[in-house]
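These notes are about the structure you will find just below.
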Amino acid sequence: MKTVKVVNKEDVIIKFAGDSGDGMQLVGNQFTTNTALRGHDLATFPDFPAEIRAPLGTVAGVSGFQLHFGSSEIDTPGDLCDVLIAMNAAAFKSNIMNVKANGTIIADLSGFDKKNLKLAGYNEDEVLLVNSESTNFTFFQIDITKLTVESLKDLALDIKDKDRAKNMFVLGLLFWLYDRELQSTIHFIEERFNKNEIVMKANSLVLKAGYHFGETTELFTNRYELKKAIQSPGKYRGISGNEAIALGLILAGARAKLPLFYATYPITPASDILHFLAKKTQEYNVLIFQAEDEIAAVCSAIGASFGGSLAVCGTSGPGMALKMEGLGLAVSMELPLVICNVQRAGPSTGMPTKTEQSDLLQALFGRNGEAPIPVIAAHSPSDCFLSAFEAARIALEFMTPVILLSDLYLANGSEPWRYPSFDELPEIKTNLITHAIDNFEPYHRNSELVRNWAIPGNKGTEHRIGGLEKQDGSGNVSYDGNNHHAMVKLRAERIEGIAETIPLQEISLGAESADIAVVGWGSTNGSIRTAVKELLLEKKSVAHIQIKYLYPFPKNLESLLKGFKTIIIPEINNGQLVKIIREKYLIDAIPYNRIQGQPLNVAELKKEILKYC
Amino acid sequence: MKTVKVVNKEDVIIKFAGDSGDGMQLVGNQFTTNTALRGHDLATFPDFPAEIRAPLGTVAGVSGFQLHFGSSEIDTPGDLCDVLIAMNAAAFKSNIMNVKANGTIIADLSGFDKKNLKLAGYNEDEVLLVNSESTNFTFFQIDITKLTVESLKDLALDIKDKDRAKNMFVLGLLFWLYDRELQSTIHFIEERFNKNEIVMKANSLVLKAGYHFGETTELFTNRYELKKAIQSPGKYRGISGNEAIALGLILAGARAKLPLFYATYPITPASDILHFLAKKTQEYNVLIFQAEDEIAAVCSAIGASFGGSLAVCGTSGPGMALKMEGLGLAVSMELPLVICNVQRAGPSTGMPTKTEQSDLLQALFGRNGEAPIPVIAAHSPSDCFLSAFEAARIALEFMTPVILLSDLYLANGSEPWRYPSFDELPEIKTNLITHAIDNFEPYHRNSELVRNWAIPGNKGTEHRIGGLEKQDGSGNVSYDGNNHHAMVKLRAERIEGIAETIPLQEISLGAESADIAVVGWGSTNGSIRTAVKELLLEKKSVAHIQIKYLYPFPKNLESLLKGFKTIIIPEINNGQLVKIIREKYLIDAIPYNRIQGQPLNVAELKKEILKYC
Amino acid sequence: MEESIIIPPLSSKDFESDQEIRWCPGCGDAAILKQVQNLLPSIGVPKEKIVFISGIGCSSRFPYYMNTYGMHTIHGRATAVATGLKLTRPDLNVWIVTGDGDALSIGGNHLIHLLRRDLNVNILLFNNQVYGLTKGQFSPTSEQHQITKSSPFGNTDRPFNPIALSLGAGASFIGRTIDREAKHLQEVLRSGQEHVGASFIEIYQNCHIFNDGAFEIFTNRTTRKSSVLFVEHDKPLIFGENNQLGIKLDGHQPVIVHINEQSSLNDLWIHDEKDKIKANILANFFENEDYPRPFGVLYKNSLQQEKSSIVGQKSIDSSVYNQLIAGKENWSVL
Amino acid sequence: MEESIIIPPLSSKDFESDQEIRWCPGCGDAAILKQVQNLLPSIGVPKEKIVFISGIGCSSRFPYYMNTYGMHTIHGRATAVATGLKLTRPDLNVWIVTGDGDALSIGGNHLIHLLRRDLNVNILLFNNQVYGLTKGQFSPTSEQHQITKSSPFGNTDRPFNPIALSLGAGASFIGRTIDREAKHLQEVLRSGQEHVGASFIEIYQNCHIFNDGAFEIFTNRTTRKSSVLFVEHDKPLIFGENNQLGIKLDGHQPVIVHINEQSSLNDLWIHDEKDKIKANILANFFENEDYPRPFGVLYKNSLQQEKSSIVGQKSIDSSVYNQLIAGKENWSVL
Ligand SMILES: Cc1ncc(C[n+]2csc(CCOP(=O)(O)OP(=O)(O)O)c2C)c(N)n1
Ligand SMILES: Cc1ncc(C[n+]2csc(CCOP(=O)(O)OP(=O)(O)O)c2C)c(N)n1
Ligand code: SF4
Ligand code: SF4
Ligand SMILES: [Mg+2]
Ligand SMILES: [Mg+2]
């Protein structure tokens, strides 16, 4: 019998990569669930091809799923992976540069035949290259496809279907390698294929075969073990950013006692919010409207808002651009509205399947005239939940459109989430009027300058509003210069006033007395946090600040930032938050920009910060 | 015989105000032409009611025309007027607060009867107010309507038509008051009414009656005389901002040897560019396209640009918001395009007939993704000509969309313009390819990073471009992260490079060594210039800088601004240029914002500047 | 929430807001306003349940003058705004007021989609064949060769045929009327209001400032009777100075006939609101000057039932929300 | 500028670009591409005068695969971009490639305006009744009740009838064909190309990933012949397994008849491309499952002459520009 060493690990990064049809997303998700149930912290990120179905076996057709898990806090799916699963040559080719030195590669030999090598763009002699490139790694070449088919020889399935089960072999093997139970996946298989017994059987057979292979083969001499992560007690689930936004919106509606109206036009990477909500319309107070375009979406949301719904739009880049005129109207009418911009790489159509955070300035300044709109950003998949809830709160409490910025990386990434119960969520107050008012004035304001919200059906508050400048109070159209000046100031002041209701800015890592603050917003949180954590271990004088409230800023932000000697602002854009900080506080903040459609690389970021240490 | 004193004046501001039907624009324009021919410098600004035809006699229906003329340089139509012509009580009411202390009011008594007073919103006892309010003024109450009708008693015209000629009476009277020849107007009348002899006769009779009235009445004891202004030798004409843009575009097309394609959707205050160009399509290489909306306008312009035209759009606020997605496409395709945004008061529909300069940040940042577009601003009606020409030059030379900012005040205002001849205008070079190229690459760049412009019809340069990220050079769709980063940087760098071809920033008034620089952009030029001019006379240490090139800035702007102790940035918005200056140069520039739909008031501005002197 | 509603008898005055009317004196818009205000007291809907939504244009000022709920939105988007309101609040009585530019130029897409979705709203398209508010450019309904500020040498485009377009988009109710025919106007509006589904009503409206007399042929005493064809369900198509002309269908071809001379009353085309092919043929009259212009309810075919429940009124237990939050797979950390 | 152009004989290969095709293997788009590439060598237009313009969607990838000039623009705007190009460059041969979402959802307005303006371009609408590129939401041509990612409980909207819509917008050429009928496809494209004016061609295209089999009834051996009606100008309307069925017009009502049994060939409806009323009746088949779906050139009526002059080619003396600059009133300062 072979001897197997059990190696302890702090954290592991696995990249599952194969052809779009190879089921890598499924394997990744299954391994992730298992990992979460095991009590590790984790973060995942899928990596879809740009095409719906790119030609089989090509680099364009590679679908990937990266999982980072460990026994301590995990903030990102990780830069380079420890383990690469490469189901074919193309998967190998497009991921080999992202494997750590001395990392492990598990390759399905069947995917490296001549045809596949050619499809991947290797020419004959480069076949050697694959092997030589791999000398820095522990390279396991296993004929997974063959083993899969063999393990199913007794089943009456055609070869293609047998072939398709190979992802389960990989999963089984990994379960062995990381000493896992198969139960969660077997359960999944039983549910998923409960209408097709033979396929159900095939999948669990292959899963076990993979596990068994690990146990019996002489190839593997190590197994890996990780401790549970220390996590706050509570109930957990895995969640992606888009699902978290959808949930946050439904719950915000519930806590405000308003129906949710979600108006949208499909666009990558925001569409999944629509898909998720669409499934909930029968059970919850949710109405979805797939409009004819983004203009109709935002305008219908304005109509719904006038009628007393929590009205929300979801979109991305080009769609956001189309909503700007409508948003100006919502500003002028002072109606509540939430716009979720799940950012992707621009300009124009750009790279729809790549991440970026380059719509911040557009969110702040994209409208004609002085049209201030609060902007908040989510910084992790699970944070999308509270961010969406908070965006709705601000919109409803302050009668204003609010822009919520997420991005593709948050949208598709996932992580464990300690979820709250319904009762733990705060109620959201609205300014709804439910009785008749003598001489009703639609622009009558409360002490926070917020106007009241009288909706059709309420007798005695009939009124007309519109996009022309209006007299404060009465709302009657006014071309008076002084009134206009006052209204411009007032609209801005009302939004600035939101700062009174948001938390003060905290330092997420490091001390107020540090020399350097690395200041980010949105999805860079994980990368910056990891980099700063490592630098702190190296005793560098750095701190990490992640800003969620981008407009208005928390009240203490200026004094907080001015305490540091150096401010570095890393962004996945060409420098946007840095502009705002420089302008507002006249701080010589230093931009760090990587615009590669990818999360920031931690190692590179660390290097950059070290320059100032 | 009465004795008349001739009083010398440096400058005079006259406001003509009456009901929309009273012909005040015509009188204003006639007096202006006469004034220009007389050799005075001048500036004018009309003031239309928001409604097409507001109810007769109401304040909402008042139409005004302000003329400022003098023997030295005139930079604005002026804050308060010396002379108010008030054809009815409503005109009086809406303008009385803008008359200088001891100013002159000439009122048509017929317009102050009970009915008119009531329509103007005065109640019975306030009738007295009109008179008492007027005690600070020299108040001439003349029954102009009656005198007009009397002077026409021999003509077979119905009373309504006779009535209508009363504006000519006013004009005649003013001609007498300022010692003018009637010839230019008589000529105008003859041309205008050459198909209606009786009306022609009526108008010139009344004109002369007005003049004669001045000569004979005992009312007026003063006449006014002004010296000619000292102006650079050359050929002059009067021009409004919108007409100047139209001309600038036609000439830019001519100098680039390209047809002009002007695609637009009507919107106040940009529509007159369309109206002007529409009249020129038969004589010049101009094609206009009134699209179904602003999105179609910008997209059709992109199509025309791909086809080798000088493609231009004109619009305002809400229309500009709609163009943002299209502009992103033009950025990505690197196609030449000019967008004229004739700004008006926002947000949303705002005040369409009032001026504002609140679309600067939108011009800079209104698109999704990193989509840099050069922005330039015109600063006077006549400057619109060269600004439009320059916008076209930059667009064509650098293969980029360019945003030209004008505003309602420039659009409708007018001033004398020393116009160039065709040959004085520089040729505009383009990157047009006119031959076949082996292995043609659409994104092949010259040393200024500008790609070539191969248009359909040219054999051997067939290619495809689009809004997805592309490989530099080949233009093939690319999702490569490094390429994307490089392309984002490259697009920005190319635009920054335009700074090499624009003039260094000059100080328009005052010295580089002054303490305070008042820095403006766009239509505030006149007000700031006047204020600084007056302060310089008062020996204050101030200078005036007006920035035309807003992105990229002139190369010397930073060093220039850093030479001043104090930088004040007056804007008709809530602080936009000031944000850019603060951010870019970390200068603690001070905003001064008046957002009243009006040009900046010089007196108020001076007061503000004095705070820092 | 549902209470038994007692509707006090309202008069047209109750629908007048306190805002001064700012249309040019004599504008057709005012005549239409009057008829809407006259109609509303009789439709059995309380004032607070009525909403007027407009875009931008002279006509779009309309909501300001109605003492109901209202929104003066942005150019071309009234239909989209109304869509969101009506989807979430089917209990409301929603009216869209729009112009030929607003509805058919910039707003064309939302209009055809609203018709396709057959939302139960009333669309009043004030067609003056010109852009009024921006002072006189041609619109998508301006006639070919029309001289306007933006077409000094004549409009080169063909106009839309709004009836054909709305039919093509799947409208379930299509009517045409004109500002000058007060009674007819009110009756067509009433039919539209009663129809469950999207009611598209084109109203010819004279802009006497920028396009005066565009519809004179339909209002002028001497031309009116031979240019206008008032259609009524189940009645034959008759027109002409002395009602002497009729329209017959020769196969699928319409033919104008002299009644009694060429054809008997019984042979005439009987208007059938529900017949889409006939509606198409009527729509095509637009393209042929020989035919009179049909006015009235040209097509009407209810596809749906009135919905009145307000969405989002399920009462949901917090445990159901807790299930949602927890998802399918979850675990506890102790 | 006019030179006599010698067109070297081109082959379909000459129209293939060097870009790898990225549609899902088996996508109907590829079949259409092939036919376009087969057609172009024979239309007598040099390659460099041809431009393909698309919006965004799977179908809109089309231009990348054509070795002509091309633009892959933004979602819904291909029609608008093409308008600007064709207006300024009437000498070019312009093709628009668009999807059901691109053309009829976000781009609906530009489409109907292009048809109204009757610009001389060819519009190929790849209708797969779904959003392909965004992975399977319903589109404005999706069937009512269709289950998609965004309609898990069934699409509630009615689909557009693209033929009726284009007729209503004033289209001068309307055709329908399908990816699987290579020859028919090519012939309809050819007719569209030959037509002077806007040619609107709806192409049923199978998206076998997100809406497989949407048109199976029109391609499946057993159902095809009784579901498809191929129309040809001047020919009777015949269909059915053994061509045993025909369509007759009973007045203005279409009736399906058994040939010989109920009706002779001579009594059948003879297709007349120019007859708009007939085109409307054909369009209405869409709403009634009893009728076969008509394919072919459904309507065609040239309203204009070919323009080929490029605008903006007047040669203008500098003195004429000087007049323009100087305006009417001017003066000199010495
Ligand atoms: C986005 C946008 N584009 C353009 C305008 C300018 N605009 C206002 S109303 C109008 C057209 C009005 O025509 P129509 O809809 O026919 O209404 P009418 O004034 O004739 O009643 C235009 C172009 C605008 N307000 N917003
Ligand atoms: C402004 C904007 N909104 C949304 C999208 C996302 N999007 C891309 S293609 C598409 C629809 C594609 O459907 P269709 O036009 O039918 O083309 P198909 O993929 O089916 O060929 C959508 C919604 C976009 N690119 N831009
Ligand atoms: S411009 Fe025409 S449409 Fe507008 S208010 Fe005046 S008359 Fe009516
Ligand atoms: S998703 Fe559908 S339409 Fe798109 S390429 Fe694949 S098969 Fe074709
Ligand atoms: Mg109109
Ligand atoms: Mg589609």
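Order of the sequence lines fixes the chain letters, A, B, ..., with proteins taken first and strands second; residue numbering starts at 1 for each chain.
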For each of A:S332, A:A60, A:G350, A:A321, tally heavy-atom pairs with chain B at distances under 4.5 Å, and name the one with the top tally.
-> A:G350
In terms of heavy-atom pairs under 4.5 Å with chain A, the winner among B:G366, B:G369, B:G326 is B:G369
Of all heavy-atom pairs between A:L327 and A:P401, which one has the smallest distance, and what is that distance?
-> CD2-CB, 4.1 Å
Summary of salt bridge (charged side-chain N to carboxylate O under 4.0 Å, His left out) pairs that have at least one residue in residues 584-600 of chain B, sequence neighbours excluded = B:R582-B:D588, B:R594-B:E604
If you count heavy-atom pairs under 4.5 Å with chain B, which of A:P318, A:G466, A:A363 comes out on top?
-> A:P318
Mind ranking B:Q357, B:K489, B:M324 by heavy-atom pairs under 4.5 Å with chain A and telling me who comes out on top?
-> B:K489
In terms of heavy-atom pairs under 4.5 Å with chain B, which of A:L361, A:N574, A:N573 leads?
-> A:N574
Among B:K579, B:E370, B:Q596, B:Q576, who wins on heavy-atom pairs under 4.5 Å with chain A?
-> B:E370
Selection residues 339-368 of chain A - residue pairs positive for salt bridge (charged side-chain N to carboxylate O under 4.0 Å, His left out), sequence neighbours left out | none
Which of A:S348, A:G481, A:G328 touches chain B most, by non-hydrogen pairs under 4.5 Å | A:S348
Between B:N341, B:I295, B:L322, the one whose heavy-atom pairs under 4.5 Å with chain A are most numerous | B:L322
Parallel under 30°, tilted from 30 to 60°, perpendicular over 60°: which one fits the rings of B:Y409 and B:F45?
-> perpendicular
Okay, B:P352 and chain A: the region with an atom under 4.5 Å from a heavy atom over there is both
Note: vs chain A, highest number of non-hydrogen pairs under 4.5 angstrom among B:Q343, B:M333, B:H484, B:K323 is B:H484
Any sub-3.5 Å donor-acceptor pair from B:S63's side-chain atoms to B:F48's backbone N or O?
-> no
With respect to chain B, which residue among A:Q598, A:M487, A:Q362, A:R491 yields the maximal number of heavy-atom pairs within a distance under 4.5 Å?
-> A:Q362
Bottom line for B:S478: the part with an atom under 4.5 Å from chain A's heavy atoms is backbone
Side chains of A:P55 and A:T58: does their closest heavy-atom pair fall under 4.5 Å?
-> yes
Just how far is it from atom CG of A:D79 to atom CG of A:L605, taken to the nearest 0.5 Å?
-> 9.5 Å
Could you tell me whether a side-chain N or O of B:K470 sits under 3.5 Å from a main-chain N or O of B:Y443, the two making a donor and an acceptor?
-> no
Applying a strict 4.5 Å limit to non-hydrogen atoms, the region of B:M351 in contact with chain A is both
Selection from B:G319, B:A486, B:G467, B:A330 maximising heavy-atom pairs under 4.5 Å formed with chain A | B:G467
Counting only N and O atoms by type, is there a donor-acceptor contact under 3.5 Å from the side chain of B:D480 to the main-chain atoms of B:N483?
-> yes
Does some side-chain heavy atom of A:I465 sit less than 4.5 Å from a side-chain heavy atom of A:F306?
-> yes
For chain B, which of A:S316, A:S358, A:A492 has the most heavy-atom pairs under 4.5 Å?
-> A:S358
